[in-house]
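One structure is given below, encoded as C-alpha cells.
Positions are given from 1 along the sequence.
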Amino acid sequence: MRKEVKTMPGMGSSAQDYGVLASSLYSLLLLSAVAALGLVVILGITTSLFGVSFKGRFDRFFDGRPWMNGEDLSTSPRAHFIRIGFGVLWVVDGLFQLRPDMPGGFISQVAQPALQGAPSFIVSIANVFLNIWNAHPIRVDLATAWIQLAIGIGLLTLSRGVLRRGVLYVSLIWSLIVFVVGNGAGVFYHGAAFVTGAPAAILIYGFAAIYLLAAESGRPWVKDARVVAYFSAAFLLVGGVLQALPSEGYWKPGGLSSMMSQMAQANQPGFASFGVKEFASLASASPIVANSMLVVLPIASALLLYVLPKSKVSSISASVVMFFGWWVGMDFGVFSSTATDFNSGLPFIVLALSLLRSAEAVAVDRASVPLEREVLEGPFSKIKGFVAGLPLTGLLLSLGIVAVAVPGPTSDAMAQVDSAGVQPLQQTPAPGFSLTNYNGQKVSLSSFRGRPVILTFLDPVCYDSCPLIAQEMVAADSEFGSRASNVALVAVVADPVFHSVADTSAFVVSHSLSKYKNFYFLTGSDAQLQKIWNGYEVTVVTPREGMVLHSQLLYFINPKGQEVSVLEDTANEQLTTSYVSLIYKAAQPIVG
C-alpha cells in the first residue's frame, strides 16, 4: 500500500511515517550508547584495579584554578542560573533530535522552509551540510543528538576548567552552524517575526555560551546587567519589527488565524491548544488588533529593558510577553514531529529571569581547598564523571561512524529525502492508461512495454514545482548516457481545469522539453484523468486562488510494466543536484 504525502503548492498531503528510518536511528543510538557505556566502564575498572587515575593525570582539565585569569565570575548566581538552565535545554534538545521523524523530515520540514529567501551564500554553506544529511540522515542525526547531549551534560556536570570551557566553545560553534543550516540566518524566510520565534532561538544559546565563557575568564563586563538586558531587548525589538512588516503578511485577513488554526490541530494537551485557538479566533475576527498586540508588546518590553535594564519589572514583563508569544504563536515549540527545541520562548525566559540573580562572584575560602578536593574525589565525583563521560564517548563514537560513512556509498535505507524518500513497492502491474501526448499522438502504458518508465504528475500551468521536477527527470536520465533514450519519461496532467493538448504543448515548449524525444506529457478527458489519479493514489485539489495542489510523486516502472518504487517531494531548487542523483539511483534497478 502506498503512503500519501503532504499537501503544499504543487504537492499532496498527509501524515508522515518514517518506518525503517526510525528503527535504524534507535538501533544505531542503542549501539553507540552501549559502546560508550562499555568504554566508560572499562576506564572505571582500569582505574580501580590498577590504580590509574586518569583524573589525576589530566587534573588541569577538571580543575579550573590553574587557568583562572581573574575573578571567578562563573560562581555568581546569574552565571550559575544560566549554565544550569541552558544545560537542561541542551539535553532536552538532544532528546528532541532523536524523534523518529527527524532523519527523514529535517530537510523538508525544518531546513528548507528556513532557507527560503536566504542569501545565496547562506544557502551555499547550508547545502554542504544538508547534502551530507541527505546521504546519511540516520548517522548524521545521531551525531547531532550526541553533540547536544554532550554540551548539556557537560554544562551540568563539569567543574570549571579546560573541559568545561571546551564544551562552551563547542556550544558556540554548534550554535553558529545551527543558525546557518537549521535557521537560514533566522530572518529571511517568509513570515519571520516575533510570533515564529525570529530572529532564531539559537542566537540565545550562542549568547549564553559567550556570557559563560566570559564569566569563566573573569571578564568584568559580565557583572553589568545591561549586557544581558540589552541583548534581550534587541532580540524582542527585531521580532516586533519583523512582525510589523506588511511583507510578512500578518496584517492581512487569514495571515495569523490560518497559521494558528493549523498549529492548534497538532496533537497536544488541551491547555496548549486552548490559547492558540482563542487567539486564532481573535486574529480571524480582527487581524489588525491581533497583530498590533504582537507588535506593541515585544517592542514595548524591549524599550523597558533598554531604559530600566536593572529593574525586576523589566525582566519579569519581558518574560511574560515572551511566554505569551511562545504560547499563542509558537505553540510552545515542541508539538511538531520534527521540533528540535522549545523555539525562542523558553531560552529567552531563562536568560531574562537570570537578571533577577546577582552577577557577583561567590567568595571561595582557599583554606577549604583540601576539603573541596576530597569532596570532588569522593563517590559523587565518580558518578559525575560517569554521567559526563557517557555522552562525550557517545559523541566521539557517532562522529567516527559519520566520518566512515560520508566518503562511502549511500545505502538504500539511508538515501532518504523529504517524506521518507524512495519507497520500494510490491512489483505489481502499474495501472494502465491510454492518453494523448502533447503533440497529439495517442500513447498507452502498454506501448512502453520493454522500456523502463519514470512516471510523474505535473500541472501544465504550474510555474513553481512542476518545471523543476521535469528538469530533474531529464537531468537524471542524461546520466545513463547511451541508455537514456530508452527510458520513457512520462508526465500525466494533474490539473482538472487546464488539461488540453494546447496546455501541455505550451508547457513542453516553454521549458525546452521538446528536444527530449523520450519525454511524454499526457492528457485526456476529465474521466480518464480522474481514473489514473485514483489508480496511482494522486491527490488533486483546486483551491479558490492560486495553483492546483497535487501529490508530487515519481513512480519507477520496470520494462515488464510493474511498479518497483516511488519517490516523493523532490522539488527544491536549492537541492536539485541531490535529487537528480537520487532519481538516477532509484532508476538504476529498472534501467539496468
Side-chain angles (χ1 to χ4, degrees), residues 62-90 151-152 154-173 175-176 199 201-238 301-322 344 346-369 372:
F62 295 90
D63 185 359
R65 286 189 295 273
W67 302 89
M68 183 180 293
N69 298 322
E71 189 177 8
D72 185 6
L73 297 176
S74 67
T75 62
S76 73
R78 181 178 301 160
H80 183 75
F81 184 85
I82 292 174
R83 182 171 61 83
I84 298 301
F86 280 88
V88 172
L89 285 174
W90 276 117
I151 292 172
L155 291 178
L156 292 172
T157 61
L158 293 173
S159 302
R160 181 176 182 247
V162 173
L163 273 183
R164 196 165 81 182
R165 288 176 64 86
V167 166
L168 288 170
Y169 277 117
V170 170
S171 171
L172 182 58
I173 294 170
S175 297
L176 179 61
I202 200 65
L203 289 178
I204 306 174
Y205 288 81
F207 175 82
I210 293 173
Y211 183 91
L212 293 174
L213 281 168
E216 297 266 340
S217 300
R219 305 294 182 187
W221 61 262
V222 170
K223 293 183 178 182
D224 194 340
R226 290 178 297 180
V227 175
V228 176
Y230 288 170
F231 173 84
S232 303
F235 192 93
L236 284 173
L237 182 63
V238 171
S301 297
L303 293 176
L304 189 61
L305 277 170
Y306 180 77
V307 175
L308 301 172
K310 299 180 181 181
S311 169
K312 292 183 179 179
V313 174
S314 301
S315 171
I316 294 174
S317 64
S319 300
V320 171
V321 167
M322 179 56 80
S344 298
L346 193 54
F348 181 93
I349 292 170
V350 170
L351 192 65
L353 291 181
S354 73
L355 288 168
L356 303 178
R357 310 298 294 271
S358 169
E360 295 294 331
V362 176
V364 177
D365 183 2
R366 289 295 173 182
S368 68
V369 169
E372 177 190 8

Go through the structure and list residues passing salt bridge (Lys or Arg N to Asp or Glu O under 4.0 Å) with Arg357, not counting sequence neighbours.
-> none

Test item: Ser311 side-chain N/O and Val313 main-chain N/O as donor-acceptor pair under 3.5 Å = yes

Ser344 side chain to Ala201 main-chain N or O, any donor-acceptor pair under 3.5 Å?
-> yes

Residue list, ring-ring contact (aromatic ring centres under 6.0 Å, His included) with Phe86, at least two apart or on another chain | Tyr205

Do Leu355 and Leu305 have side-chain heavy atoms sitting under 4.5 Å apart?
-> yes

Ignoring hydrogens and geometry, is there a side-chain-to-backbone donor-acceptor pair from Ser314 to Lys310 under 3.5 Å?
-> no

Nearest-0.5 Å distance, NZ of residue Lys223 to OG of residue Ser358 = 9.0 Å

Side-chain contact test, heavy atoms from C-beta onward, threshold under 4.5 Å: evaluate it for Tyr211 versus Leu351 and give yes or no.
-> no

Closest heavy-atom contact between Gly206 and Ser175?
-> N-OG, 3.6 Å

Pairs meeting criterion ring pair (Phe, Tyr, Trp, His ring centres under 6.0 Å) with involvement of residues 301-322, two or more places apart | Tyr230-Tyr306

Distance col, row Leu73:CG vs Glu360:CD, nearest 0.5 angstrom, shows 8.0 Å

Are Ser232 and Met322 side-chain neighbours, meaning at least one heavy-atom pair lies under 4.5 Å?
-> no

Heavy-atom side-chain contact between Arg165 and Ser217 under 4.5 Å | yes

Separation of Ile84 CD1 from Leu155 CG (nearest 0.5 Å) = 8.0 Å

Go through the structure and list residues passing side chain to side chain donor-acceptor pair (under 3.5 Å) with Arg78, not counting sequence neighbours.
-> none

Give, for atom OG of Ser76 and atom CZ of Phe81, the distance between the pair rounded to the nearest 0.5 Å.
-> 12.0 Å

Between Val227 and Val222, is any pair of side-chain heavy atoms under 4.5 Å apart?
-> no

Side chain to side chain contact (heavy atoms under 4.5 Å, CB included) involving Ala302 - partner list, sequence neighbours excluded | Ala233, Leu236, Leu237

So, for Ala229 and Pro309, which heavy atoms are closest and what is the spacing to 0.1 Å?
-> CB-CB, 3.5 Å

Residues which pass side chain to side chain contact (heavy atoms under 4.5 Å, CB included) with Leu176, listed by chain and number, not counting sequence neighbours = none

Contacts of Ser317 that satisfy side chain to side chain contact (heavy atoms under 4.5 Å, CB included) - sequence neighbours left out = Leu304

So CG of Leu203 and CZ of Phe235: to nearest 0.5 Å the spacing works out to 6.5 Å

Ser301 OG to Ile316 CD1 distance, which is reported to the nearest 0.5 Å | 12.0 Å

Between the side chain of Ser315 and the main-chain N/O of Ala352, is any donor-acceptor distance below 3.5 Å?
-> yes

With sequence neighbours excluded, what pairs up with Lys312 under the side chain to side chain contact (heavy atoms under 4.5 Å, CB included) test?
-> Leu356

Run through Val162, Leu172, Leu212, Leu158 and flag the one making a side-chain contact (heavy atoms from CB on, under 4.5 Å) with Val167.
-> Leu158

